[in-house]
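Computed from heavy atoms alone, side chains included, the values below leave out hydrogens, waters and symmetry copies.
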Amino acid sequence: MSEDQKICNILVVDDETYNLEAVERALRFQNGYTFQVYKTTSPLQALQMVREEQIHIIISDQRMKEMSGVEMLNQVSRLSPNTVRIILTAYTDRNDLLDAINVGKVYRYLTKPWNAEDLRMVVKDAVDYYALIHRNQTLTEELTRTIEELQESNKELKKLDDLKNRFMVVASHELRTPATIITSSLELLNNSAHQLDPQMKRVLHTALKGAYRLNEVLETLFEIVEANSQKLILNPVVVNLVDLFNLLLGRMAEQLNIRQLNIKMVFEENLMVLGDRHKLYQVFENLISNAIKYTPDGGHISIRGERLNGCIRITVQDTGAGIPSEELQRIFETFYQLENLNYHHSSRYDYLGGGSGLGLSLCKSIIKAHQGKIWAESEGIQKGSTFYVELPAYHADSAGAK
Ligand code: ADP
């Protein structure tokens, strides 16, 4: 039934012409729809009409010479399952009724002599029923289409993800050797830099800086590939986190100064974990360099270390750019960055310096390999961010203590 035009096609079948006219007369009422009434005395012709026209409702007599109403409605149910079927019969015989329901799959059953008011009520209900079926069908079709589209997109995403993983494997393996050759050649040249004029020296210096950065990115990529293929190898030793952070902050003091950032460190004593010192250093270096990078000059960074239910929790909190809540999980995905890549430049400590989008992904793999947890919280954009790392605490009597 067209919702725009609200035209409802009703086919009436009865081998008595005056009965057809009586039904037509009874249907001259307003229901928000225009009823287009088709009439025939022949069930066979009725079936032909169902094939050719879109019939929304069919009203049929039961006793007809060519074929019974129930038999015809049974065929209609196969030809046009959505057509709502109503039968009129002189008998209220129980078998007739069961036949009508089981064979004719009728929606309603009206006994003769019917009165116009009853017929109108039944037709009114049938119209609503048809509209409901139609709406459900449209929704089901839409849902099926959406599911198919989602499945397609999912396949595409999987393909892209596979490509990304393959690219990471190829890049990390194939580019490492040439990058090392370039770096060592530039270092060799740099050893004789005193022979070069100042302009060439500057060029060489820039090239060397770029080569170091390239090596760093490739190294991170290589480690992520290793971690993804469960090949991340840890060299566990007892690590004193207070010492590790003192070393780290000592090395970052210059950058903190340049950016005029205030740093506060509050650590409980003896925070020990059993872990890979170099890799844990990488994790916390990344968190602090991010805090520096995403906090404007003059901001605050606070680092806390505490013991909490058998774990050690490290918290790195800044007063910087903040992270929208819907991105808090995604920032740990490989290559994921919040910034618009069109404005991308890469720097480790400049405000909003940008990077490779690899750091947090590697942090997550390393912390996972240590049976720990890492997550981020933020009140939103410009409201600062807090990164948490939890690692199993080391006790002198722990198994495997070194
Ligand atoms: P990048 O090299 O781009 O910094 P990361 O994997 O370390 O890569 O971080 C992923 C993204 O998470 C960053 O691009 C940045 O958008 C966001 N992010 C990380 N740390 C912070 C922070 N402290 N404050 C705000 N945003 C952050």
Side-chain angles (χ1 to χ4, degrees), residues 150 153-154 157-158 160-161 164-165 168 217 220-221 223-224 227-228 232 241 245 248 252 259 261 263-266 273 275 279-296 299-306 308-309 311-392:
L150 279 176
S153 316
N154 205 24
L157 281 176
K158 237 192 116 356
L160 285 175
D161 201 45
K164 182 196 79 184
N165 289 340
M168 281 170 62
V217 171
T220 310
L221 207 56
E223 290 185 64
I224 291 177
N228 287 350
L232 194 71
L241 291 177
F245 271 88
L248 187 51
M252 287 186 163
R259 298 282 323 284
L261 294 166
I263 192 139
K264 197 169 94 185
M265 183 171 143
V266 181
V273 295
K279 291 197 161 46
L280 289 178
Y281 183 93
Q282 270 182 298
V283 170
F284 296 119
E285 182 188 37
N286 195 71
L287 294 186
I288 297 173
S289 75
N290 275 352
I292 296 176
K293 211 160 55 173
Y294 297 105
T295 304
H300 297 268
I301 298 171
S302 83
I303 307 166
R304 262 183 96 79
E306 59 201 321
L308 217 81
N309 310 322
C311 277
I312 288 176
R313 178 187 277 187
I314 304 294
T315 311
V316 179
Q317 185 168 32
D318 64 55
T319 56
I323 301 163
S325 57
E326 65 278 11
E327 309 281 359
L328 286 168
Q329 307 258 354
R330 300 208 64 192
I331 54 170
F332 292 94
E333 290 172 16
T334 316
F335 294 122
Y336 196 77
Q337 293 182 302
L338 301 182
E339 296 76 28
N340 186 336
L341 283 183
N342 293 332
Y343 303 113
H344 191 270
H345 81 286
S346 199
S347 163
R348 287 184 74 176
Y349 302 109
D350 288 358
Y351 179 48
L352 298 182
S356 54
L358 295 173
L360 289 178
S361 166
L362 182 61
C363 289
K364 193 173 173 184
S365 304
I366 295 175
I367 295 300
K368 206 171 140 207
H370 281 83
Q371 267 84 50
K373 280 198 290 189
I374 180 166
W375 74 97
E377 289 176 7
S378 170
E379 296 285 306
I381 293 178
Q382 300 305 336
K383 298 209 171 129
S385 313
T386 310
F387 283 77
Y388 297 91
V389 173
E390 276 183 9
L391 291 164

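At least one donor-acceptor pair closer than 3.5 Å links the side chain of Arg259 to the backbone N or O of Thr295. At distances below 3.5 Å, not a single donor-acceptor pair connects side-chain atoms of Asp318 with backbone N or O atoms of Ile301.
Taking 4.5 Å as the limit, some side-chain heavy atom of Phe387 sits within range of a side-chain heavy atom of Ile331. Under the 4.5 Å side-chain criterion, counting only non-hydrogen atoms from C-beta, Pro324 is in contact with Ile381. Using a 4.5 Å heavy-atom threshold, the side chains of Lys164 and Thr334 count as touching. Phe335 places a side-chain heavy atom less than 4.5 Å from the side chain of Leu221. Within the 4.5 Å cutoff, side-chain heavy atoms of Leu280 are placed close to those of Leu391.
Rounding to the nearest 0.5 angstrom, the gap separating the CG atom in Leu287 from the OG1 atom in Thr386 is 11.5 Å.
Shown here for Pro296 and Thr319, the closest heavy-atom pair between the two residues is CD-O, 4.3 Å. Here the closest heavy-atom approach between residue Ser378 and residue Gly384 is recorded as OG-O, 2.8 Å. Taking each heavy atom of Pro392 and Val273 in turn, the nearest pair found is O-CG1, 3.6 Å. Here the shortest heavy-atom pairing between Ile374 and Lys364 reads CG2-CA, 3.8 Å. Nearest approach of Glu333 to Ser361, heavy atoms of both residues: C-CB, 4.0 Å. In plain terms, the two heavy atoms of Ile224 and Leu358 that are nearest each other are CD1-O, 3.6 Å.
Not a single side-chain hydrogen bond (donor to acceptor under 3.5 Å, both in side chains) links Lys383 to another residue, sequence neighbours left out.
Look at Asp161 and Lys158 and you find no salt bridge, because none of the NZ, NE, NH1 or NH2 atoms lies under 4.0 Å from a carboxylate O.
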Stepwise side chain to side chain contact (heavy atoms under 4.5 Å, CB included) test for Leu328 and Trp375: CA-CA 8 Å; Leu328 286 168; Trp375 74 97; over 6 Å; no

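Ring-plane geometry between Phe284 and Phe245 is classed as tilted, the angle between the planes lying from 30 to 60 degrees on a 0 to 90 degree scale.
Dense packing is recorded around CD of Glu306, with more than 12 heavy atoms of other residues, nucleotides or ligands lying under 6.0 Å away. Remark: Glu379 CD is loosely packed, at most 12 non-hydrogen atoms of other residues, nucleotides or ligands lying under 6.0 Å away.
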